[in-house]
Amino acid sequence: APCSVLLARETTHLPPRRIIVGVDGSPESADAYSVARYLAGRFDGDVSVVVAEGKKLIDPADVSLIVGDGFHVIPDEPVRVLTAASADADLLVLGSRGLHGFKSLGSVSERVAHRAACSTLIVRRNDDPRKG
């Protein structure tokens, strides 16, 4: 989709108050973090940042530029970590690099969205809800 996508799961917690956001230091994860913070403010919720480092190494300085201090890097595959974190959340927010077709089959956001226990919002670059 050319826009952000919400994969909604049945829940009793509306609006979402426990929001998890995956951050890897990329511009796409910065967008996801911005949207997660906006939603938490809008719905009086809390944002928890998940940073997982599997085969792709994470630069803590890049993550710190997005979320500040107070995060820790979990040394495990992002899909596994984010899926596990979704069990205690009302909403999981992830960035998307906009991959299509065969390239998208390995994307973290796609794999997590299919496995997450809670609703998942996949944020496309510059698709900020504050602008519309």
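Excluded from the calculations below are hydrogen atoms, water molecules and symmetry mates; all remaining heavy atoms, backbone and side chain alike, are included. When a residue number appears, it is its place in the shown sequence, counting from 1.
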Quick one, Asp59 and Leu57 - any side-chain contact, counting heavy atoms below 4.5 Å?
no

Rounded to the nearest 0.5 angstrom, the CZ-SG distance for Arg124 and Cys3 is 8.0 Å

Closest heavy-atom contact between Gly54 and Pro78?
N-CD, 3.9 Å

Among Thr120, Ile20, Leu6, Val47, find the one that has a side-chain contact (heavy atoms from CB on, under 4.5 Å) with Leu91.
Leu6

Report yes or no: does Ser86 contribute a side-chain atom to a donor-acceptor pair with the main-chain N or O of Ala117 at less than 3.5 Å?
yes

Note: Gly22 and Ser29 closest approach over all heavy atoms is O-CB, 3.8 Å

Between Ala113 and Ile122, which heavy-atom pair has the shortest distance, and what is it?
CB-CD1, 3.9 Å

For a quick test of reading the model, state the closest non-hydrogen atom pair linking Val79 to Thr83 and the distance between them.
O-OG1, 2.7 Å

Side chain proximity check, Cys118 to Asp90, heavy atoms < 4.5 angstrom
no

dist Ser4:OG -> Leu94:CG (nearest 0.5 Å) comes out at 11.0 Å

Could you check whether any side-chain heavy atom of Glu53 comes within less than 4.5 Å of a side-chain heavy atom of Pro75, counting everything from C-beta outward?
no

Would one find more than 12 heavy atoms of other residues, nucleotides or ligands at under 6.0 Å from atom CZ of Arg9?
yes

Of all the heavy-atom pairs spanning Ala116 and Leu92, show the shortest one and how long it is.
CB-CD2, 4.1 Å

Listed partners of Phe43 passing side-chain contact (heavy atoms from CB on, under 4.5 Å), at least two apart:
Pro15, Pro16, Leu39

Does Arg37, at its CZ atom, have more than 12 non-hydrogen atoms belonging to other residues, nucleotides or ligands within less than 6.0 Å?
no

How far does CG of Asp44 sit from CZ of Arg17, to the nearest 0.5 angstrom?
6.0 Å

Can you name the nearest heavy-atom pair linking Glu28 to Ser96, along with the distance?
CG-O, 3.2 Å

Nearest 0.5 Å, what's the NE2-CG distance between His114 and Leu7?
7.0 Å

Starting at CZ of Arg115, measure out to CD of Glu110 and round the result to the nearest 0.5 Å.
10.0 Å

From the list Val93, Ile66, Asp62, Ile58, side-chain contact (heavy atoms from CB on, under 4.5 Å) with Val23 holds only for Ile66

